[in-house]
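Working notes for the structure below.
Side-chain atoms are counted along with the backbone in the values below, which use heavy atoms only and exclude waters and symmetry mates.
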Amino acid sequence: MAEFNHLVLVKFKDDVVVDDVLQGLEKLVSEMDTVKGQDKESPDVLRQGFTHSFLMTFGSKEDFAAFAAHPNHLQFSTTFSAVIDKAILLDFPAKTVKPAA
């Protein structure tokens with residue numbers, strides 16, 4: 001079964017305390033067994049006003065669906081949505097283009 005990724009690019013509203021939001025996201029991820037990994041460090045490649053990126057990796061599309069429907073995620077999403085100015089969300093299967101040598 002292929003891994004599945006959830007990528008979120010955001011620009012937070014100007015008056016937002018971003019560290020508080022990031023702590024909430026870290027808490028959410030730590031509570032969810034379906035999240036295999038999280039990466040939020042890529043400031044050098046961000047453009048067009050987006051200030052943060054979050055990549056979550058799941059073992060499968062089904063694991064992502066369970067995460068997306070989980071009450072903790074739904075609660076966090078409500079809070080998260082209120083503090084962002086704009087966002088792009090991409091959900092996609094992980095594909096290896098070049099096999100490991």
Output a table of donor-acceptor pairs, distance under 3.5 Å, between side-chain atoms of residues 64-72 and any protein atom two or more places apart or on a different chain; print 'none' if there are none.
from, atom 1, to, atom 2, distance (Å)
His70, ND1, Asn72, N, 3.0
Asn72, ND2, Glu31, OE1, 3.1

Quick one: list whatever passes side-chain contact (heavy atoms from CB on, under 4.5 Å) with Asn5, sequence neighbours left out.
-> Leu55, Thr57, Phe92, Ala94

Separation between CD1 of Ile88 and CG of Leu7, rounded to the nearest 0.5 Å = 8.5 Å

Would you mind writing out the side-chain donor-acceptor pairs for residues 76-83 within the sub-3.5 Å range, not counting sequence neighbours?
from, atom 1, to, atom 2, distance (Å)
Ser77, OG, His73, O, 2.9
Ser77, OG, His73, NE2, 3.3
Thr78, OG1, Leu74, O, 3.1
Ser81, OG, Ser77, O, 2.8

Check whether any side-chain heavy atom of Thr51 sits under 4.5 Å from a side-chain heavy atom of Phe12, and report yes or no.
-> yes

Leu89 and Phe54: side-chain contact (heavy atoms from CB on, under 4.5 Å), yes or no, with the steps?
-> CA-CA 10 Å; Leu89 284 75; Phe54 308 98; over 6 Å; no

Which heavy atom of Ala87 sits nearest a heavy atom of Ile84, and at what distance?
-> CB-CD1, 3.6 Å

Considering residues at least two apart in sequence or located in another chain, which fulfil the side-chain hydrogen bond (donor to acceptor under 3.5 Å, both in side chains) criterion with Asp91?
-> His6

Closest heavy-atom pair and its distance - Lys86, Phe50 = CG-CE2, 3.8 Å

With sequence neighbours excluded, tell me which residues meet salt bridge (charged side-chain N to carboxylate O under 4.0 Å, His left out) with Asp20.
-> none

How long is the span from the NE2 atom in His52 to the CG atom in Leu25, to the nearest 0.5 Å?
-> 10.5 Å

